[in-house]
Amino acid sequence: MGNTDSKLNFRKAIVQLTQKNQKIDNNDDQFWDQFWQAHQTTLEDVFALVTASEIRQIRNDNPANLATLCYKAVEKLAQAVDSSCRTQAEQQCVLNCVRLLVRLLPYIFEDDKWRDFFWSNLPAQEQANHGQTVPLAQSLINAICDLLFCPDFTVTATRRAGPEKAEELANIDSCEYIWEAGVGFAQSPPRNAHMERRRTELLKLLLTCFSEPMYRTPQQSEEPNKWIAYFTSADNRHALPLFTSFLNTVCSYDPVGFGVPYNHLIFADTTEPLVEACLQLLIVTLDHDMVVQHQQLQQQQQQQQHQLAHAGGVLVTPYDEGGCGDNLFINYLSRVHRDEDFHFVLRGITRLLNNPLVQNYLPNSTKRLHCHQELLILFWKICDYNKKFLYFVLKSSDVLDILIPILYHLNYSRADQSRVGLMHIGVFILLLLSGERNFGVRLNKAYSATVPMDIPVFTGTHADLLITVFHKIIATGHQRLQPLFDCLLTILVNVSPYLKTLSMVASVKLLHLLEAFSTPWFLLSAPSNHHLVFFLLEIFNNIIQYQFDGNSNLVYTIIRKRHVFHAMANLPTDMAGIAKCLSGRKTGGKFNLPRVPQRKQAAAMTSQELPSAQVPDDDYIDEEEEEDEDVENIVADKETAAAAVSSGIAEEDLESETESHERSQMGDTQLDSTAPVAQPAEPGTLKTSLLDTPNIGQMTESEHPHPNDKANDMSPAKSTSPTRLSVAHRASIRMVPAENDRWTPTPEWIVSWRSKLPLQTIMRLLQVLVPQVEKICIDKGLTDESEILKFLQHGTLVGLLPVPHPILIRKYQANSGTTAWFRTYIWGVIYLRNVEPAIWYDTEVKLFEIQRV
């Protein structure tokens with residue numbers, strides 16, 4: 001009953017603050033104490049009792065009241081630190097202040113006039129301290145950090161024989177109180193649910209303090225975040241124990257625990273919210289690279305000083321722009337070097353990433369985590385800042401434990417437009433890994449289908465899995481994934497020289513992609529669509545030149561689809577031919593890949609007559625679905641293989657041939673029946689907008705493994721032509737240009753790149769092998785393609801192919817485009833994941849747009 005009365009008093013006090021022109025005296029302690037003493041309000045209670053409109057009303061009509069409320073709340077936290085926060089009343093007071101500040105801060109950040117409020121000195125404070133003051137923000141961060149290592153409040157006390165011997169909080173060595181064993185700390189303290197809850201609440205407040213960039217436009221978000229700059233600087237004496245506590249808490253968490261089924265439904269897990277808060281704080285603090293930003297700022301300041309010197313003015317340097325130090329979180333992360341630490345971090349991240357993939361006989365019996373996006377960002381950050389960790393990951397097959405959950409999420413999220421950001425981070429990580437030779441080598445390990453995915457069941461390697469999932473994304477993914485096509489193919493180019501054996505399934509997928517992207521209509525419809533063909537040809541050339549012996553499946557598929565390469569070499573360059581190619585699409589000409597079954601023909605034709613904003617190969621029905629539905633239509637003709645190779649028979653028959661081959665490999669099951677099917681987002685799902693994907697040319701730099709080899713770099717990434725996809729506005733892509741900016745191909749343009757198509761190796765292969773295969777088919781009367789594959793396995797092209805070209809690897813390089821993209825994505829994830837309560841909901845966020853699907 002008493003708590004209800006105190007909540008009523010709390011509510012009345014809020015209403016009193018909103019009274020117009022009624023300034024409450026800041027010395028009226030009886031009034032201000034109503035907000036944090038003698039009641040127990042949860043964070044949800046505070047959000048219900050203090051409405052958004054009331055906070056804005058106080059801010060706009062009674063700014064002095066809001067200023068005093070914030071100042072008094074921070075003062076209470078500082079007083080609790082001074083008295084070491086020992087009594088239960090003090091601890092409750094701290095939690096009430098924390099909850100109130102979490103509610104108020106977003107509304108202070110959303111108003112430009114209030115943005116520097118926490119970095120200013122208050123008049124009352126100046127009088128008390130005789131002019132030597134600390135900005136309110138620093139006082140707040142200092143208090144939160146001290147309270148995160150407060151014995152009997154957030155950590156278990158280690159030395160104490162009685163209350164009088166308790167340590168003073170201000171003198172504590174927090175390195176002795178690191179929350180979890182792991183990097184730099186050996187003993188694991190006992191678990192305490194109450195302490196974990198309190199830590200989580202304090203971390204929520206820290207995260208809210210750091211969320212100021214949400215209220216800046218993407219252009220402004222490059223300004224240094226003073227909150228993070230101070231938190232990660234040497235001025236914060238707890239920086240090292242906080243960093244290790246966050247990292248160790250995340251990497252030591254095991255959601256399955258003792259493995260008791262349904263234990264997560266019986267007991268409340270206080271560790272998961274703590275792990276998520278630590279994870280979110282890690283990715284936010286590691287995003288704030290002060291060194292890079294400081295260099296940029298110094299250049300800007302030098303320009304300003306130069307301008308002011310001419311104008312006779314004086315430049316005043318704000319707090320952190322002149323003297324902000326190194327980000328110690330990035331510094332510590334980059335200096336981790338022991339193998340056991342790397343093993344601990346990698347094992348922790350892979351355990352959590354693989355959690356949603358774990359299969360059980362009892363449905364929903366194990367806990368499912370939802371923090372995979374934050375985990376992928378953390379993995380990206382660690383690889384980016386600590387190259388020794390990246391090499392450790394690639395040193396063994398452990399990298400495949402990262403690859404499989406990434407491919408699972410890419411495959412499962414491909415149709416859901418609310419998960420476009422997740423698709424990007426997964427692809428960016430694979431791009432980073434593919435720049436290292438070891439990644440390509442590791443992909444040759446055999447894959448056993450332990451994870452359910454809605455892809456054809458195949459026998460092969462992790463490389464086959466990679467190609468099959470990428471084909472799925474391109475063929476059946478959401479249209480907003482089109483900017484990722486360059487990245488997907490660049491990854492395949494980077495690993496292709498090391499792929500020893502591709503299965504027939506993967507070989508057919510690659511040829512499918514080439515057939516789709518080399519369709520004349522598609523090639524001529526945008527100024528850089530031909531780049532995709534260059535990438536695919538580079539993949540085939542790498543495999544033929546460096547891994548010919550084990551890749552008879554791919555060679556056979558190239559021979560069968562040789563008409564695709566001949567068509568590319570003979571692409572029309574006269575205006576009449578160009579016009580015919582472009583009109584082929586509009587008159588309902590079927591997109592070549594793959595063959596549309598007869599019963600679907602009518603529907604497909606109708607859809608193609610409508611103006612389409614889809615990626616061209618979205619028109620065709622996905623190959624696997626087609627195979628499923630078309631099984632009964634296929635007539636297994638024993639002479640198809642011989643006839644197909646010895647004479648250029650219809651594409652439809654070739655397609656049937658391949659399907660029958662794949663079926664013989666796969667058995668009766670086409671798709672994994674237990675796999676979750678990729679579904680579009682539920683209507684009404686919230687999503688946040690993203691910045692445009694950086695161009696692949698900005699994201700990568702080309703590198704030869706042997707730098708002395710000088711070769712003609714036909715890399716499409718180097719092109720300066722406009723991007724393939726025109727961007728209508730942020731976060732929406734359109735394939736077809738508007739009437740006023742429609743692009744028209746010219747004969748000169750086609751000749752300029754057609755002559756550079758790297759077709760020599762493939763044409764030479766066809767020139768040598770096609771007559772040999774035809775002769776064998778006729779002489780031996782072969783009726784089965786397995787005989788042809790056997791012949792190709794034992795064949796050789798040594799001395800017959802052109803001189804091997806140097807391997808060209810496109811390595812990821814840090815750039816301003818991806819930095820800005822990541823910042824927007826990180827805060828979008830944090831906005832959507834913090835829903836109980838929704839801290840930033842209904843505030844005027846500017847960094848991204850909140851949209852409903």
Side-chain angles (χ1 to χ4, degrees), residues 474 479 482-490 493 513-541 563-587 589 591-593 611-617 619 692-700 702 711-728 733-763 805 808 810:
I474 292 172
Q479 71 177 55
Q482 290 165 12
L484 285 177
F485 289 1
D486 279 341
C487 280
L488 293 170
L489 295 186
T490 300
V493 170
L513 292 178
L514 182 69
E515 204 168 359
F517 291 140
S518 65
T519 303
W521 177 88
F522 179 68
L523 276 177
L524 305 184
S525 62
S528 50
N529 282 357
H530 61 282
H531 290 175
L532 297 169
V533 170
F534 274 81
F535 281 132
L536 283 159
L537 290 175
E538 198 175 336
I539 293 168
F540 295 135
N541 287 339
H563 62 280
V564 177
F565 300 97
H566 291 302
M568 256 188 292
N570 299 314
L571 194 71
T573 55
D574 58 298
M575 287 309 288
I578 293 170
K580 190 178 176 187
C581 288
L582 290 171
S583 64
R585 169 73 164 193
K586 294 166 198 162
T587 54
F591 199 64
N592 289 343
L593 173 74
S612 168
Q614 299 293 322
V615 58
D617 43 337
D619 290 12
D692 300 331
T693 312
N695 185 294
I696 191 71
Q698 295 173 302
M699 287 177 64
T700 56
S702 299
N712 292 329
D713 180 5
M714 283 311 306
S715 163
K718 296 286 179 196
S719 164
T720 53
S721 63
T723 51
R724 181 172 72 261
L725 305 157
S726 58
V727 179
I733 307 291
R734 54 191 169 89
M735 271 304 277
V736 183
E739 287 300 326
N740 55 357
D741 63 353
R742 190 176 291 282
W743 181 80
T744 310
T746 62
E748 297 75 27
W749 171 78
I750 295 175
V751 170
S752 73
W753 59 262
R754 194 189 72 173
S755 60
K756 295 174 186 169
L757 282 170
L759 286 166
Q760 301 83 345
T761 301
I762 293 169
M763 290 304 190
H805 56 280
L808 187 71
R810 294 173 184 83

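Heavy-atom basis, side chains included; hydrogens, waters and symmetry copies ignored.
- We find the CD1-CD1 distance between I750 and I578 to be 3.5 Å, quoted to the nearest 0.5 Å.
- Between L532 atom CG and L537 atom CG the span is 11.0 Å, to the nearest 0.5 Å.
- Residue I474 comes nearest to L489 through the heavy atom pair CD1-CD2, 4.4 Å, listed as atom of the first residue, atom of the second, then distance.
- The structure places NZ of K580 at 15.5 Å from CE of M575, a figure rounded to the nearest 0.5 Å.
- The shortest heavy-atom contact between L524 and P745 is O-CG, 3.4 Å.
- Closest approach of F534 and W753 over heavy atoms only: CZ-O, 3.6 Å.
- Across all non-hydrogen atoms, the minimal contact from L514 to V564 is CD2-CG1, 4.0 Å.
- With H530 as reference, W749 is the one residue of F535, W749, F517 to meet the ring pair (Phe, Tyr, Trp, His ring centres under 6.0 Å) rule.
- The shortest side-chain heavy-atom distance between M699 and C487 falls under the 4.5 Å cut-off.
- Minimum heavy-atom separation, S755 to V751: OG-O, 3.1 Å.
- Between S518 and L523, the closest heavy-atom pair is O-CD1, 3.5 Å.
- Panel note: side chain R754, backbone L571; a donor-acceptor pair is recorded below 3.5 Å.
- Note that the NE2 atom of H566 and the CD1 atom of I762 stand 11.0 Å from one another [nearest 0.5 Å].
- Between the CZ atom of F485 and the CG atom of N529 there is a distance of 10.5 Å, given to the nearest 0.5 Å.
- To the nearest 0.5 Å, atoms CG (N541) and CG (L808) are separated by 12.5 Å.
- Checking T693, I696, N695 one by one against D486, the side-chain contact (heavy atoms from CB on, under 4.5 Å) holds for a single residue, I696.
- Counting only heavy atoms from C-beta outward, the side chains of E538 and P758 never approach each other to under 4.5 Å.
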